[in-house]
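Everything numeric here is computed off the predicted structure, so don't read it as measured data. Order of listing sets the numbers, starting from 1, for every ligand and every atom in it.
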Amino acid sequence: MITTTHILKKKRNEKITMITAYDALFAKIFDGEVDMILVGDSLHMSFFGESDTLGVSLDSMIYHTKAVCNGAKESLVVCDLPFGITQDESEAVKSAIRVYKETKAQAVKLEGGVEVANIVKGITNLGIAVVGHIGLKPQFVRADGGYKIKGKSDKEIEKLFLDAKALQDSGAFCIVLEGVKSEVAKEITNLLEIPTIGIGSGVDTDGQVLVWSDAFGFFNEFKPKFVREYLNGASLVKDALKKYVSDVKSKNFPNESESY
Ligand code: KIV
């Protein structure tokens, strides 16, 4: 089983791989192939069909994390803490405790930098591993007026450095850098002792994460520039489905060997 120690040791040695999963079926396929499986709150968009991640509940995150843990025996499972819980420090700590008690996830992830440093400290002090998430934070999409790339201005760059350092000092064992200008992500990666996991942040982070339904062509509402589509999943499934429907209609399915 991959542990946080394995992930830390990969810094400056070997790229770290991470992908999202929301159920046991796909977790089983991904298990052992990637270092970490993230039960991201992106499930509220790609799995539940909402337009952003903000409405997902802790109960839903726990339900999906339990499912992923049923499928993943080797890869390190991370559960995203949903929007709203970091407003209140004790609520956030209680939420992380619930995740650890009710699922077999090895870590929780939360969005934010300096402003959540105390929460990260409170959670890690309890022995719960934390993944940070800075740069483009999807939970701030409404406040930011859209998905905005970070690290374009000196002010943004300074904030990113402060955030990254604060998360490291508070005990996070790695940090997701989302939508950060490549050269800034590289500098942050070089500065930190803990690994950075990039998404839309160039090639120089310590690892990469993608949302599985983006990477395998199942989520086609919009396609950010950073997504590489490794499979045309939706169209393959649709073709197979059409074949099934046609076989049923033509009485080609089931045949004798498929009948009792
Ligand atoms: O929710 C999610 O899937 C994420 C990734 C985009 C890192 O936070």
With heavy atoms and a 4.0 Å threshold, my read on which part of Asp41 contacts ligand 1 is both

Determine, for Lys10 against Glu14, whether the closest basic-nitrogen to carboxylate-oxygen distance falls under 4.0 angstrom. yes

Quick one: which ligand 1 atoms are inside 4.0 Å of a heavy atom on His133? 8 (O)

Determine, using the 4.5 Å side-chain heavy-atom cutoff (strictly less than), whether Val56 and Val68 are members of one ILVMFWY cluster. yes

Short N or O distance, Ser42 and ligand 1, threshold 3.5 Å exclusive: yes

Report yes or no: does a heavy atom of Glu111 sit under 4.0 Å from some atom of ligand 1? no

Okay, side chain of Asp31, backbone of Lys73: is any donor-acceptor separation there less than 3.5 Å? yes

Side chain, backbone, both or neither: which part of Thr53 has a heavy atom under 4.0 Å from ligand 1? neither

If you have a sec, work out which protein heavy atom is nearest atom 5 (C) of ligand 1 and how many Å separate them, to one decimal? Leu38 CD2, 3.7 Å

Which word best sums up how the rings of Phe47 and His64 line up, parallel for under 30°, tilted for 30 to 60°, or perpendicular for over 60°? perpendicular

Sub-4.0 Å atoms of ligand 1 with respect to non-hydrogen atoms of Ile199: 6 (C)

Against heavy atoms of Gly40, which atoms of ligand 1 measure under 4.0 Å? 1 (O), 2 (C), 3 (O)

Under 4.0 Å from a heavy atom of Thr20: which atoms of ligand 1 are those, numbered in the order shown and with their elements? 3 (O)

Can you tell me which portion of Leu43 lies within the under-4.0 Å heavy-atom range of ligand 1? Options are side chain, backbone, both, or neither. neither

Taking the basic N atoms (NZ, or NE/NH1/NH2) and the acidic carboxylate oxygens, is any pair closer than 4.0 Å for Glu115 and Lys137? yes

Could you say whether the N/O atoms of Asp80 and ligand 1 ever approach to under 3.5 Å? yes

Could you tell me the separation between the SG atom of Cys174 and the CD atom of Gln168, rounded to the nearest 0.5 Å? 11.5 Å

CD1 of Ile188 to OG of Ser201: how many Å apart, nearest 0.5 Å? 8.5 Å

Using distance alone, determine whether Lys109 and ligand 1 share an N or O pair under 3.5 Å. yes

Should the pair Lys243-Asp247 be classified as a salt bridge under the 4.0 Å nitrogen-to-oxygen rule? yes

